[in-house]
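Heads up: the structure comes next, in structure tokens.
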2 protein chains.
Amino acid sequence: MARDERKRPTIYDVAREAELAPSTVSRALSNPGRVSSRTREHVLAVADRLGYQVNSLASALPSGRTHTVALFVSDITNPHFFGIIRGAEHQARAAGCTLILGDTEESPEVEARNIERLGGSVDGFVVAASRMTDEDIEELAGKHSVALISRQLAGLPSVIVDHVDGTREIVEHLSALGHESLVYLAGPRRAWLTDQRWRGLAQAARQVGMSARRLGPFQPTMRAGANAADVALGSGATAAVAHNDLMAIGMLRRVAERGMRVPDDLSVVGFDDIFGSDFSSPALTTLGGPFEEVGRLAVDSLLGMREKSREARRAEQIVLPSHLVIRGSTGKAPAR
Amino acid sequence: MARDERKRPTIYDVAREAELAPSTVSRALSNPGRVSSRTREHVLAVADRLGYQVNSLASALPSGRTHTVALFVSDITNPHFFGIIRGAEHQARAAGCTLILGDTEESPEVEARNIERLGGSVDGFVVAASRMTDEDIEELAGKHSVALISRQLAGLPSVIVDHVDGTREIVEHLSALGHESLVYLAGPRRAWLTDQRWRGLAQAARQVGMSARRLGPFQPTMRAGANAADVALGSGATAAVAHNDLMAIGMLRRVAERGMRVPDDLSVVGFDDIFGSDFSSPALTTLGGPFEEVGRLAVDSLLGMREKSREARRAEQIVLPSHLVIRGSTGKAPAR
DNA sequence: CAACTTTTGGCAACCGCTTGCCGTAGTTGC
DNA sequence: GCAACTACGGCAAGCGGTTGCCAAAAGTTG
């Protein structure tokens, strides 16, 4: 009682007060089945009275469990990641974990370096839109628990939003509006999604008898959207599918700047349904998805991994449904 | 050499390999002035060869320095915070620290609880737009290092963007356009900024002979903006200043929905210059600021606090200049 | 009721690093 | 040439928990 000199009480304080050994206190707190319920309740009561709180650092040291997960995103200023971040944060908190957020700035080097740096002090990594190579990710996964977002890799848990169905929907929508040609303004070469989206678009286009071309790559930013718009307009296609909404919104502005009209002269489609895509002018047709859920599930399967034995731990690859949000940026193809 | 069984090498491994005591290795690594340069270089070389990396948990335990700071924001999905988050993340990384991000969801309880939870495992807190009472913040600051963003409190370091000058600019801008009355659509009662902004607007209005009324409070969200728009239109004022851009953008939509026009029927001004405020329709006139810098400086002064002796540590209250970004949502006052 | 199993609490050895204190060797002053 | 310092390396005691192992207590069984 006398020695509460501003310091947080430790299990030793609780033990003394409860007239038990520190080890017993530790067990009562973190391994309740190991002590009698009478003892446990006594410990709990004393701990509560003293205002005891575990020192998470101290408990992480011997146990190896830090109760911390890291989430890396490729660009922290892309609104697309908000939902993911929020979902991940929620799920982490619900599981009693702390979330560390990292920005990899579109660079595989920054990504690798930051992950390395955190290596020993987190229970695992959720990596969204990784720019690393498959090999590097596999190496990383050999050393730490890893869950992927917007990327699939055999043997690793992942959460993505369906793009096969999504791209098909986009193409059918455009086809229904009379478009006969589209261009895909590709994202970064290292982004797994870039190829996936292109593949989906190309295949769907083939099936409905539309021509499709891939142009780029472009940085997935609003600024690069201006460039993409010029390239798209120059291509002669009547519909442009941008790698993401940031680019698509940048395109809308550039098209207007050049005195052309969306969708009369060019229809534009994006991906992600980000904040702002509903009030751009025109509002953007885009492929949305349940991104909070994505973040939540990624953290979930990351934390789940540790439970399962190495055997039973066949990584689950989750695919969530996407949905096409049709707005003003797509319209009838211009007459020939 | 033989015992690199998947485990990360420790200072003991380095010590053995370098034929020195672990304590010397520890000093060579983290207190270079304490050993001879010959020794230090030898240690560094061996550590490098073995691929040694400090275990930050283990070093945090005895030293109390975790090299981690936490940033709390009131709403992680508000784009306003992106810049702050990014700036904070950069500065933290530059200082060799890890950033933990927390969402307080506009709730003082969630805020207090989360801060409490992290208490022992971070070096300090940056709290942006805190919803806690002055008393609670002071209590918190008694136990931990705290730096404030968008809030001032005597004795605590803080970074804010100038609102006195900013609100004056807004009012003068509106006055110049012929407006004679404005309404302020207030933000949450617990937000320090709500009163500050209102005070600034009211005073500036008095000086230019404009009438000013305060309405609300409203939640600082797009959704609440619809409500705010109706209230503003009903007030008879010709100019509306929303608590933030989220609300302002929500207002723009609602005004259009009701068949009125911005700025012909009502001029609208926001705060923050968030992502999207440049492509809403019409584009939003808003008070911007160097928010990345805000995040950066907040982390900076938080980390700086620990250096200074308790005496010299007179908390710096930083005020960064704001700037009015004039766009299409403000225009000439409608003729009587 | 003896023999045996299951609970339950305690002891002590870590986890990996930091740091106060001590002793030795080398340097400086007079 | 000797006392007084200073520089530098080592020893060992933590930091606050966790956990393997042991022994006493309690519960089972025939």
Side-chain angles (χ1 to χ4, degrees), chain A residues 3-44 46-47 50-68 96 119-123 306, chain B residues 3-44 46-47 50-68 96 119-123 306:
Chain A
R3 69 176 297 289
D4 68 321
E5 345 199 3
R6 287 268 144 251
K7 293 198 73 257
R8 289 166 40 144
T10 70
I11 51 168
Y12 292 90
D13 298 319
V14 176
R16 189 170 352 92
E17 195 73 10
E19 305 192 301
L20 284 167
S23 55
T24 305
V25 174
S26 172
R27 290 199 182 96
L29 260 25
S30 54
N31 192 355
R34 187 60 176 66
V35 298
S36 72
S37 56
R38 255 173 44 77
T39 308
R40 172 163 17 103
E41 270 163 32
H42 179 210
V43 169
L44 255 35
V46 173
L50 261 45
Y52 170 80
Q53 263 189 289
V54 295
N55 177 328
S56 50
L57 261 57
S59 76
L61 193 47
S63 71
R65 298 269 291 116
T66 62
H67 291 283
T68 299
S121 32
V122 301
D123 287 345
R306 306 191 56 110
Chain B
R3 70 177 296 289
D4 68 324
E5 345 199 2
R6 286 273 143 247
K7 294 197 73 254
R8 291 167 38 146
T10 72
I11 53 168
Y12 290 90
D13 298 319
V14 176
R16 190 171 350 93
E17 195 73 8
E19 305 191 299
L20 283 168
S23 54
T24 305
V25 173
S26 171
R27 291 200 181 95
L29 261 25
S30 54
N31 193 357
R34 188 59 176 64
V35 297
S36 72
S37 56
R38 256 171 44 77
T39 307
R40 171 165 18 103
E41 270 162 34
H42 180 209
V43 169
L44 256 37
V46 173
L50 262 46
Y52 170 80
Q53 264 189 286
V54 296
N55 177 328
S56 51
L57 262 57
S59 75
L61 193 46
S63 70
R65 297 271 289 119
T66 61
H67 292 282
T68 300
S121 31
V122 301
D123 287 344
R306 304 190 57 110

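So that the names make sense, note that chain A is the first sequence line, chain B the second, and so on, each numbered from 1.
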B:Tyr12 vs C:dC14: side-chain N/O to OP1/OP2 distance below 4.0 Å: no

Exam field: side chain A:Ser26 to backbone A:Pro22, donor-acceptor pair closer than 3.5 Å: no

d(CZ, A:Arg16; C1', C:dG9) in whole Å: 19 Å

Pairwise distance CG(A:Leu29) to CD1(A:Ile11) - rounded to 0.5 angstrom: 8.5 Å

Interatomic distance, A:Arg38 CZ vs C:dT8 C1' [rounded to whole Å]: 12 Å

Contact nearer the 5' end of DNA chain C, comparing B:Val54 with A:Thr39: A:Thr39

Straight-line distance of A:Asn31 CG to A:Ser23 OG, nearest 0.5 Å: 11.5 Å

Protein-nucleotide distance (A:Arg65, atom CZ; D:dT18, atom C1'), rounded to Å: 14 Å

Candidates A:Leu44, A:Val25, A:Leu20 - the one meeting side chain to side chain contact (heavy atoms under 4.5 Å, CB included) with A:Val14: A:Val25

Heavy-atom side-chain contact between B:Asn55 and B:Thr10 under 4.5 Å: no

Euclidean distance, A:Glu41 CD relative to A:Ser36 OG, rounded to 0.5 Å: 9.0 Å

Check: A:Arg27 main-chain N/O paired with A:Arg40 side-chain donor or acceptor under 3.5 Å: no

Nucleotide D:dG10, atom P - distance to CG of B:Asn31 in whole Å: 15 Å

Pairwise 5' ranking along DNA chain D for A:Ile11 and A:Arg34, keeping only the more 5' one: A:Ile11

Whole-Å gap separating C1' (D:dG16) and CG (A:Asn55): 6 Å

Nearest atoms (heavy-atom pairs only) where B:Pro62 meets B:Ala58: CD-O, 2.9 Å

Contact summary for B:Ser121 and B:Thr68, nearest pair of heavy atoms: O-CB, 4.0 Å

Five-pair end axes of the helix from C:dC1-D:dG30 to C:dC30-D:dG1, angle between them (10°): 20°

Rounded interatomic separation in angstrom, taking CG from A:Leu61 and P from C:dC14: 14 Å

Touch class at under 4.0 angstrom, heavy-atom based, for B:Leu57 against every strand present: nothing

DNA chain D contacts made by residues 21-30 of chain B, counting heavy atoms under 4.0 Å: B:Ala21, B:Ser23, B:Thr24, B:Arg27

